[in-house]
Amino acid sequence: MCAKKGGRPPNPRKRHYQVGVRFNADELAKLKEQAAKAGLKLMPYMRGIILRGKVVARLDEDGRQYRQALIGMANNINQMAKVCNATGYIDACKGFYHTYQELASILKKLSNDK
């Protein structure tokens, strides 16, 4: 027989120990609700609470859209920087200003959400 090839390598930080916790029905329901609100499964949520004392919730749909918009703008700025290096500063200023205005409006929306 030949050795197994390919596939995902084993996790070097395998968890060997198990700790039991008991909850009543109300406590378990509340814990599951909090995990769902954070966008996590129950065990990763519990592990985060126990080890770090807090859990950072995943982005909601608006947050994901803002993130994608910011990534797109970062790509545009990078492309404009390449154009600046190739052609000169003045021609690229117009593009930078337009992207700056879009970025400022998104950041304003994000700050108003708090």
Side-chain angles (χ1 to χ4, degrees):
M1 303 264 303
C2 63
K4 184 177 173 184
K5 291 185 178 181
R8 187 176 193 164
N11 188 351
R13 295 175 35 192
K14 186 170 181 165
R15 294 181 172 97
H16 297 283
Y17 304 101
Q18 181 177 351
V19 178
V21 179
R22 293 180 185 263
F23 296 105
N24 64 31
D26 293 336
E27 293 168 337
L28 183 61
K30 184 175 181 180
L31 190 64
K32 286 182 177 181
E33 179 183 329
Q34 290 171 346
K37 197 180 286 186
L40 297 171
K41 292 187 177 185
L42 184 60
M43 291 313 298
Y45 178 79
M46 287 176 55
R47 200 173 289 117
I49 290 293
I50 292 167
L51 296 176
R52 291 183 297 276
K54 65 178 180 175
V55 173
V56 178
R58 292 187 177 175
L59 295 175
D60 60 354
E61 186 58 35
D62 287 340
R64 283 192 288 275
Q65 288 177 354
Y66 288 138
R67 180 177 177 266
Q68 284 303 112
L70 290 172
I71 288 171
M73 284 184 220
N75 288 337
N76 289 343
I77 289 172
N78 188 35
Q79 290 171 1
M80 285 185 270
K82 288 180 182 179
V83 170
C84 273
N85 288 333
T87 62
Y89 175 74
I90 300 298
D91 294 335
C93 276
K94 295 174 188 174
F96 274 117
Y97 185 70
H98 177 69
T99 303
Y100 166 77
Q101 288 177 324
E102 288 181 25
L103 183 60
S105 71
I106 287 179
L107 290 174
K108 186 175 181 180
K109 288 178 187 176
L110 285 173
S111 66
N112 289 339
D113 286 347
K114 292 182 180 179

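Computed from a predicted model, the values in this text were never measured in an experiment.
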Would you give me the side-chain donor-acceptor pairs under 3.5 Å for residues 18-28, sequence neighbours excluded?
residue	atom	partner	partner atom	Å
Asn24	OD1	Asp26	N	3.1
Asn24	OD1	Glu27	N	2.8
Glu27	OE1	Asn24	N	3.0

Side-chain heavy atoms under 4.5 angstrom apart, residues restricted to Ile, Leu, Val, Met, Phe, Trp, Tyr: same cluster for Leu31 and Met43?
yes
Taking side chain to side chain contact (heavy atoms under 4.5 Å, CB included) as the definition, give me every residue that meets it alongside Lys30, ordered by chain and number, with sequence neighbours left out.
Gln34
Distance, nearest 0.5 Å, that separates CG of Leu70 from CD of Gln65
12.0 Å
What pairs with Ile71 under side chain to side chain contact (heavy atoms under 4.5 Å, CB included), at least two apart in sequence or on another chain?
Arg67, Gln68, Asn75
